[in-house]
Amino acid sequence: MNFQPAVPGKKNLPERLFVFELANNHMGDVAHGLRIIDEIAAAAQGYPFSFAFKLQYRDLDSFIHPDFVDRMDIKYIKRFSETRLDRAQTRQLVERIKAHGFLAMCTPFDETSVDRIVEDGFDIVKIASCSFTDWPLLEKIAQTDLPVIGSTAGVRLNDLDNVVAFMRHRDKSFSLMACVAQYPTPREKLQLNQIDVLKARYADLRVGYSTHEDPAETLPVVMAVAKGASIFEKHVGVATERYALNDYSANPAQARAWLEAARQAYAMAGLEGARIEPSAGELEALSGLRRGVFAKRAIKAGERLRDEDVFFAIPCQSAAITANDWSKYSQFQATCDIPAQAAVTAENTELRQVRAKVRSIVDRVKALLDQSRGVVPGEAELEISHHYGIERFDEFGITMVTVVNRHYCKKLIVVLPGQTHPEQYHEKKEETFHVLHGELELLLDGVKRVCGPGAVVTITPGMRHAFRSQTGAVFEEISSTHFVGDSFYTDPAIGGNAERKTLLRHWID
């Protein structure tokens, strides 16, 4: 099995990696260890995952203090001493692991064992939770070119941050395992939400789940799959008349049930990392529930259809426009006469989409505001004025943010490069322009005036005014109360354009 490097020169882990932890369940009996590997490998047959078998290495001659080597009253000294394998025996286990096509993985507990891992041809190094901040050991592990996985049971957040930073600075392929160091771990102590915590805090790292729950449990792996874990680890063994199995290690049947639960979880989870395309069956089921668009009155060929011209109802007719297609960004024009009550369809209308145009306008307005270093209230509505239609916005139009409109009014006006605001006047409102950015050319009762940043100009009621900017400009309009219907354009074609404004509420992101 080959690694697929995501970064040149760096070995990376395969996707959906399932790790079987042998630990000391070989009981110091190499034949028993080989049997476990063989039976677990058989249980894993047919599953679409990558697999690894994990050993643990300790150089007991240096790992145990010389004064304590005979202290069989100390739990772990007794356990490790009684299950010792020599170098030739552990290599037999590695050879058998690879013979089954599995990756070989190992947890070192001392620096000497790291060298053995490299010499014995392991593919992955595992850091045990107890060694997560063992800095001499981490320094030695970081000198290898192997991917590293760290278990995080009992590790404080600042230690997690420090070790992650340590591995990043050394450009290591590093993954984390959510884990609880309780053997076995009861359901109420599993803390599966720690998968979410690790994924959110270290978004660039692979996150997995190392399990110590009752080996008959399969729900935790299903939840771990759903939470986005992609590496899974379980202790395994085989019970015999001579060797009992501990309370947190799975036998081959339980290991297979664990894999089957994971397989079903992946099947239910479906596609990863992208939105699925709807199936034909989904589209058919939904289409019967969508409201069609119908003419409220007789509509003549060439007319633009507006909200007041249509109604929405079921059943939707064949080729009909639906309420889902109807928005301020979708403009429909009749290509033939449409009788009252008739369906509005793709065959009797022509569609013009303006969403991309509006998005382009918003992006350019935001860019000019950034240049001006202006600060805009987050909830302020953006009004796009396109006096002769949005298709001519770059030639004639402005964008405007109303900051406040009470007895006094303040607006922020953005004029994009090359834009002209057509001539108009007000009967009630008096307004003052304060130029903040760029150059503004004003035409006041036919007299041209060029204004730069800091210029202040007052426009009294009845004064005809137009303006343009070659460079792009931002200015404040400070005025008495703005009244709807108090803007009079000298070109009557503008007053007759009922669709000369587009309003956007959520445009700042």
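Numbering of residues begins at 1 and proceeds along the displayed sequence.
- The environment of CG in L219 is crowded: more than 12 heavy-atom neighbours from other residues, nucleotides or ligands sit within 6.0 Å.
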Listing, residues 397-406 side-chain donor-acceptor contacts under 3.5 Å, not counting sequence neighbours, or none:
residue	atom	partner	partner atom	Å
T399	OG1	V414	O	3.3
N405	OD1	H482	N	3.0
N405	ND2	H482	O	3.4

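- Taking the six-membered ring where tryptophan is involved, the planes of F51 and F18 are tilted, since the angle between them lies from 30° to 60°.
- By the 4.5 Å heavy-atom criterion applied to side chains, R364 and D394 are counted as neighbours.
- Within the structure, side-chain hydrogen bond (donor to acceptor under 3.5 Å, both in side chains) contacts touching residues 257-267 (residues at least two apart or in different chains) are Y47-E260, E260-R263, E260-Q264.
- Here the options are L190, T211, D214, the test is side-chain contact (heavy atoms from CB on, under 4.5 Å), and the partner is P220; only L190 passes.
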Result block: side-chain N/O donor-acceptor pairs under 3.5 angstrom for residues 439-457, not counting sequence neighbours:
residue	atom	partner	partner atom	Å
D445	OD1	R464	N	2.9

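- Under the side-chain contact (heavy atoms from CB on, under 4.5 Å) criterion, A253 pairs with N251, not counting sequence neighbours.
- By the 6.0 Å contact criterion, NZ on K501 is enclosed, its count of non-hydrogen atoms from other residues, nucleotides or ligands being greater than 12.
- Of the N and O atoms on the side chains of E233 and S210, at least one donor lies less than 3.5 Å from an acceptor on the other residue.
- Side-chain rings of Y425 and F488 approach one another, their centers coming within less than 6.0 Å.
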N/O donor to acceptor pairs below 3.5 angstrom from side-chain atoms of residues 154-163, sequence neighbours left out:
residue	atom	partner	partner atom	Å
D161	OD1	R201	NE	2.9
D161	OD1	Y202	OH	2.6
D161	OD2	R201	NH2	2.7
N162	ND2	N158	O	3.2

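- Judged by a 6.0 Å distance limit and a 45° cone about the ring axis, R170 is positioned over the six-membered ring of F166.
- No side-chain N or O of S360 forms a donor-acceptor pair with one of D363 less than 3.5 Å apart.
- Between F311 and F294, the two ring planes are parallel [angle under 30°; tilted spans 30° to 60°].
- Listed by first then second residue, pairs satisfying salt bridge (charged side-chain N to carboxylate O under 4.0 Å, His left out) with a partner in residues 215-228 read R187-E217, D196-K227, not counting sequence neighbours.
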